[in-house]
Amino acid sequence: MTFIRQILTVAAKDLRSEIRTKEAINASLSFALVILLLFSFAFDPTSETTREIAGGLLWLAFAFAGVLILNRSFARELQNDCLDMLNASPVPAPALFLGKALANYVLLVGIEAVCLPVFGVFYNVTWYTHLGQLVLVLLLATWGITVVGTVFSALTVNLRLREIMLPMLMYPVLIPCLMAAMRLSTVLIDGQPITGDDLAWLRLLIGFDIIFTSLAVVLIDTVLIG
Amino acid sequence: MTFIRQILTVAAKDLRSEIRTKEAINASLSFALVILLLFSFAFDPTSETTREIAGGLLWLAFAFAGVLILNRSFARELQNDCLDMLNASPVPAPALFLGKALANYVLLVGIEAVCLPVFGVFYNVTWYTHLGQLVLVLLLATWGITVVGTVFSALTVNLRLREIMLPMLMYPVLIPCLMAAMRLSTVLIDGQPITGDDLAWLRLLIGFDIIFTSLAVVLIDTVLIG
Amino acid sequence: MGLRDKIMIGLGALAAVLLTRNIWVMLTGLPDEAFQGAIFRIIFFHVPAAFTCFLCFFLALVAGVVYLVRKNLQWDAFAVSVTEVGLAFGAINLISGMIWARIIWGIWWTWDWRLTSMLVCWLLYAGYLVLRRAIEETTERARLGAVMLILNFSVVPFVFFSIKWFRTQHPQPVLFGDGKMDEIYRTMLYGNWVPLLLIAAVLVMLRMRQENQQREIDALRRAAHSF
Amino acid sequence: MSALAVEAVWKFYGDYPALRDIRFSVERGQCIALLGRNGAGKTTLIRILAGLSRPTKGFVRLFGRDAGERATRAQVGIIGHGIGIYDELSALENLKLFAGLYALPSPARVAAEWLERTGLDRVKDGLVREFSRGMRQRLAVARAFLHNPQLLLLDEPFTALDDRAIALLQGLLRDALHEGRTVLMSTHQLREAMELATHVALINRGRLAYTGERSPEMLADPGYLYRVHGEA
Amino acid sequence: MSALAVEAVWKFYGDYPALRDIRFSVERGQCIALLGRNGAGKTTLIRILAGLSRPTKGFVRLFGRDAGERATRAQVGIIGHGIGIYDELSALENLKLFAGLYALPSPARVAAEWLERTGLDRVKDGLVREFSRGMRQRLAVARAFLHNPQLLLLDEPFTALDDRAIALLQGLLRDALHEGRTVLMSTHQLREAMELATHVALINRGRLAYTGERSPEMLADPGYLYRVHGEA
Ligand code: HEM
Ligand SMILES: Nc1ncnc2c1ncn2[C@@H]1O[C@H](COP(=O)(O)OP(=O)(O)OP(=O)(O)O)[C@@H](O)[C@H]1O
Ligand SMILES: Nc1ncnc2c1ncn2[C@@H]1O[C@H](COP(=O)(O)OP(=O)(O)OP(=O)(O)O)[C@@H](O)[C@H]1O
Ligand SMILES: [Mg+2]
Ligand SMILES: [Mg+2]
């Protein structure tokens, strides 16, 4: 119980200070929109090929936007040495980690929720045919991005050139997750349900989430306390 | 003379604190590879349509790298209140701004220079047919990104102004610049020189650079000293 | 000259002899492959290099875990050395593959999943080195590096599992698969793996020594700088 | 059982020893002043005691338990070099946050109480970003005392405090000592420290040069310790 | 012409007046200690003097010129709450940088000289990130003195310094005063301040409560000023 309460406290704190300053949301959301907008000019949005890359484009935008949020996640704690105070408090490192991950998750899912309809309009696709399944894929893949991203955010807080270190280190790790998400979203946006072979991708997504969440929870203490 | 020397000093400082060793080159090289890798998942790079958006992909990668680096530019000065010391020194605010912009510019151009050949190999395009013109477009558009990004970076330091700027989301300002760059690069990579209609895009790029550089130089004092 | 140096020189010499002999046999004793001709011989480096690379990455994982348990910087030195050597052999695999591809397929690179997965793998570990470069403090570098190694290695299975869901232009496994490879080729393949492994071992030992010396130098510098 | 026991602690940054074989212990109800010149290793030691960093060799026991354990941490209050409060939150929000993290029963009440005790209740809804340095330090004090810690680890707590705030902090510390709680503080403001300290420890370049009770001459002449036991 | 003249300065943060109608002046060669409780407005005033913030009403003259002018800035040395040096650069690089920004003729020589004078020459190539708090503060002192400023604005300069470093800084300030340069410092370490100050100014909640010469009783009893002119 205390554990869950601590997670929520940390998450609420992060969300509150992000909503106050809007530093990350602002950059991240506007960047995602720019990507979608620009590519709607580059492609002929009515053509067949656009359909084929719909999922890819969407997840590319999310992955890029996500990094902007994740970059700030632990960096925010550097000011005034707040990270030390969190580490010194009786909050166990996994609770701290999960709290921060939860806050990032909420922000990311929020941004995705804004982007999806925009995407639908610009690219003239009916993305909501299999809304339930699409949301499922979205939630699963975003959790994968969040968990990996939050761990790497902790890992890179003290680095120079942190801003490009984070994506450089985290994207390769995320590739299985992103690939599955892209593939599944393309199928769903194309109006087909997830079946047969694609179920394997869904399983991959779930497996990825489980493995990395456990690894993160186990390793986070080592990352945070030297 | 002193003005230029001060610009260079500020730029050298920023560059030095980012790039101590070869680390920066390594980081940007792997960054480029990772981004290209992501694209290859999102879009099938062998298909014809992908050729058509080659310029788009390239600039997406550059814009992304730019956003990451620029976001940090003034935020870096917050630690230890360094910004105060810069503001208190006899360096005029425009010199400070131009110095920081220059450092960002060098970093970005460096990353781009690494990305281009890698892009050529992995996407199997001959990008160097009109090398001169391509470099010109690259330098112009990157300067646009840099100036706008650096101003916004300065804005994030000042909470009060940021709230005012909020309605105007940050990156959409860059859209004209990016669109011109994408269009021109696609043409050049396709092996054609810039002619006729496309000259208008080039003019837009130059106009964008001039307008935003002047605006930035004029406004920067207000942004930095409250 | 210490025992270590003697072992190193011995192993190096052995590797050189074996390698010369193998190349000699490859050039004079082996027939050209039916479809691919002379270039096929590149396989004797291409494949063992890949195996050596994977072995190194696995050892790096072990070293990382042991470091986190023992907190002994020797293990960290081993982890870097073995990763660097692994990356070198990975590069040999990639580059030999690219040359091969250029000759057989006519292009340097295609986004075939086999090729891509190898590149992903290589980048994962290159990331580890970039991360280390960026951290000055030795203990912190070792700790975060070890974490990174564990995270990296857990992606590798995903990367290689998903291979099943793609059609690849790259040949399917012949060694552990249905085993269509001629006996002589296969013997040579394994035979050439031995000298490559020896070279890897010597390189790892050299790098480890250098790493340890570097640490001592750093400590002296810090002591000189301290108040 | 000592409140705090440091046993043969070494801390290496790479191969450079920032702490060398430190051993001492502090009993409940004692107040120990950790002294040493700039760069001696005080902060390094305090971070190890707070469980923010692990010793390379040796170990540390707080109330007989490991420094990293959760139950131990709930007993420790910390003021570090950085104030450890959030600029984007208000004073009240900050304290409520930490009360929540320490799982106190009624965060809001405790937070309000400590804002009052540190004289910050008038600015409780102001964002910390707008606070003066001393106000921030007061808030840091409130944060450290919030959960009634049995052990207080204070790294230069008097920094930036005005005379009243120093008196306030000294009062709080005195109360804590009377209640049998333990205090370890590092500071360069020797006078303020000596008034409180029952014991002193002096570190010279990572090595413990002196530990013992605070003698009357130390109170009368704060420089005494450095002259007698410090380096040339 | 006064070294520093503050004329009817008001500063509002929103509706809150952080400074109310402050007026005083300091002549060349004087050392004025700016005192006041936490949140009184000392830092706000110093930031205005340094040209980092503009007064809402009134104005400030340094050597007869505007605070924001470039020529004025070159004459001012500052130590603020933040140390104002870069963590990712080495001590030497930091000083060379600032020497460059102040357009000094030979940055490297000046930087080396000041590293020596602040006792940091042995760590000159160490990254500031690895410095202890006191070492950082010494570097901040070096940075402030580097360009031989005619006016020194010091906001709590003694923070985190050990006895030796305090003596060093006091020595530097004394030399500066002898050379006819002007010093304005805020601090809560009254003893150290009073030893140097020729004048004092006391701010109470944004209002100037007292200015005048430092009298002998202030030196003997640092709390004197607060008791007589401070608020209840
Ligand atoms: C850059 C391009 C290439 C890369 C990165 C690459 C990568 C690899 C890797 C990692 C392996 C060993 C792993 C495994 O056995 O599953 C391998 C094996 C092999 N490669 Fe490549 N390869 C490339 C190009 C080629 C080309 C062009 C050919 C020939 C057409 C080729 C033929 C083979 C063969 C026959 C094997 C042995 C398969 C086995 O028995 O497992 N490779 N390659
Ligand atoms: N992260 C680090 N990496 C390398 N060296 C470090 C690090 N942190 C501290 N040190 C070194 O360890 C030594 C002790 O530092 P510490 O901060 O503990 O000193 P201190 O006693 O707190 O000094 P001060 O009174 O100035 O705060 C110093 O020489 C410092 O340079
Ligand atoms: N950016 C700001 N926005 C709003 N109010 C501010 C801001 N900065 C300072 N203040 C307020 O102005 C008043 C004076 O603050 P200032 O920092 O000048 O105090 P100070 O005398 O330096 O105190 P200390 O000794 O604690 O450093 C305080 O009440 C503070 O809350
Ligand atoms: Mg310290
Ligand atoms: Mg102040």
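Each chain gets a letter, A, B and so on, in the order the sequences are listed, and its residues count up from 1. The structure displayed is predicted, hence computed values, not measured ones.
Scanning residues 92-100 of chain D against chain A with a 4.5 Å heavy-atom cutoff picks out D:Glu93, D:Leu97, D:Phe98, D:Gly100, ordered by number. Interface with chain A: from residues 58-73 of chain D, residues D:Arg70, D:Arg73 qualify, criterion being any non-hydrogen pair under 4.5 Å.
Using a cut-off of 4.0 Å between Lys/Arg side-chain N and Asp/Glu carboxylate O, A:Asp221 and D:Arg54 are scored as salt-bridged.
Between the CG atom in D:Leu101 and the CE atom in A:Met85 there is a gap of 12.0 Å [rounded to 0.5 Å]. The CD1 atom of D:Ile85 lies 10.5 Å from the CD atom of A:Gln79; values are rounded to the nearest 0.5 Å. One distance of note links CG of D:Leu52 with CG of A:Asn87; it measures 6.0 Å at 0.5 Å rounding.
For A:Cys82 against D:Gly84, the heavy-atom pair with the smallest separation is SG-C, 3.8 Å. Between A:Ser89 and D:Tyr102 the shortest heavy-atom distance is CA-OH, 3.5 Å. Between A:Ile225 and D:Ser53, the closest heavy-atom pair is CG2-N, 4.1 Å. The heavy-atom pair separating D:Arg47 from A:Asp84 by the smallest distance is NH1-OD2, 2.6 Å.
No more than 12 heavy atoms of other residues, nucleotides or ligands sit less than 6.0 Å from atom CZ of D:Arg122. The environment of CZ in A:Arg183 is sparse: at most 12 heavy-atom neighbours from other residues, nucleotides or ligands sit within 6.0 Å.
Neither the backbone nor the side chain of D:Thr56 comes within less than 4.5 Å of any heavy atom of chain A.
Your options are A:Gln6, A:Arg76, A:Arg16, and the one with the most heavy-atom pairs under 4.5 Å with chain D is A:Arg16. Contact count versus chain D (heavy atoms, under 4.5 Å) is highest, among A:Leu83, A:Thr9, A:Thr2, A:Leu96, for A:Thr9.
In terms of modelled atom types and a separation under 3.5 Å, the side chain of A:Asn80 and the main chain of D:Ile83 share no donor-acceptor contact.
Between D:Tyr86 and A:Glu77, the side chains place a donor N or O and an acceptor N or O closer than 3.5 Å (distance only, hydrogens not considered).
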